[in-house]
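Following: one structure in structure tokens, then a few remarks.
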Amino acid sequence: MLIYNNENFIINNEFAKNVEKGLADKPKHISPKFFYDKIGSKLFEGICDQPEYYLNRIEAQILNKSASQIINILEEKAISVIELGNGNSQKTRILLRPFLANWKNVSYFPIDVSLKMLKNSIRDLSREYPNLRIFGVCSDYIKGLIKINEFMKFKRNIPNKRLIIFLGSSIGNFDPKEANAFLHSLSKYIRNDDALLIGFDLEKDKSILEKAYNDKKGITSQFNLNVLSRINKELDGGFELSSFEHKSFYNLREHRIEMHLESKLDQKVRIGAIGKEFHFKEGETIHTENSYKYSKNRLYGLVKNAGLQVMANFTDPKNQYSLILLKKIPYASKS
Ligand code: TRP
């Protein structure tokens, strides 16, 4: 069973609008959500395999170690796992396996904007885990969660205890205001007995951070530049990819890795679908992504502010990454 909406059909129009506005702004920017077409998603999987990209590896280690503790804390016999942005569900398997071994009834609700990714992961997971019930939701996160809330009201035999997971330090791609707003809406739409599991990348040595986003093989660079080739393909753009360069660095004051595409020369680029030409000075950049890194204090402040409380904080021995298990502070839910 699949619940989906038609949001994929308007994406190109949205893409054109975002690019038009972003390239007219100063400094220039393009939303990171346009990274993820088929090629972009493949490149992103490639990034996760790079030795410098510690995030993925460490999160997987923490998940491995904490799965049994999560099972103990949740104290249930059946569970519904809701995943915000599942990608290929690779890391989700680390949780699903022990859950299925411990609990008879496990349902899994991946929410993802990419229908294709969703279909593929549903197909693969149902082959691997015949006992797992999967309900894919093609939507953005909050809307998807609202749909699942509705769906669970009339569908019987779906475990009421829910674990909502948001992995990969994706929350770090929101700026602090957006992260705050996002956690507020999450805490509005979850129930008092739901648990949330969120992955946060922690602040650490600048050189480790910068290596992670400048891998030797240049996959992150290809990933970043892919947004320009998407503009070329989908919006009839005239970007010369070789005249732009991937730049990423840690901005200490803002606590974030910034990704940019820097113009190597003074140039004009026409984008057919927008009907405009855009000027780039030598050294001028298009800001394409941020990845915020948290200290434990800022992390706890953020969740508390959203009416959430920490049930457990799982980290690696070097405190590089944090997986926190949260629930709603009951009194905060009434408003
Ligand atoms: N959220 C992850 C991170 O910030 C994944 C990610 C998003 C990413 N955009 C990226 C990784 C760009 C590398 C490059 O690290």
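All values below were derived from every heavy atom in this structure, side-chain atoms included, with hydrogens, water molecules and symmetry-related copies excluded. One is the number of the first residue; the rest follow in order along the sequence. This is a predicted model, so every value here is computed, not measured. Every number for a ligand or one of its atoms is a count from 1 in the order of the listing.
- Every pair passing salt bridge (Lys or Arg N to Asp or Glu O under 4.0 Å) that includes a residue from residues 168-194 is listed here, sequence neighbours excluded: R162-D194.
- Closest approach of L326 to L308, counting heavy atoms only: CD1-CD1, 4.1 Å.
- Ligand 1 is surrounded by Y36, F44, I47, Y53, L55, G168, S169, S170, N173, Y213, T220, F223, M259, E289, S291, each with at least one heavy atom closer than 4.0 Å.
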Please set out all donor-acceptor pairs under 3.5 angstrom arising from side-chain atoms of residues 68-75, sequence neighbours excluded.
none

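- Inter-residue side-chain proximity for I122 and Y108 is flagged as unmet; no heavy-atom pair is nearer than 4.5 Å.
- Every residue was checked against the side chain to side chain contact (heavy atoms under 4.5 Å, CB included) condition with A24, not counting sequence neighbours, and none meets it.
- Counting only heavy atoms from C-beta outward, the side chains of P110 and I134 approach each other to under 4.5 Å.
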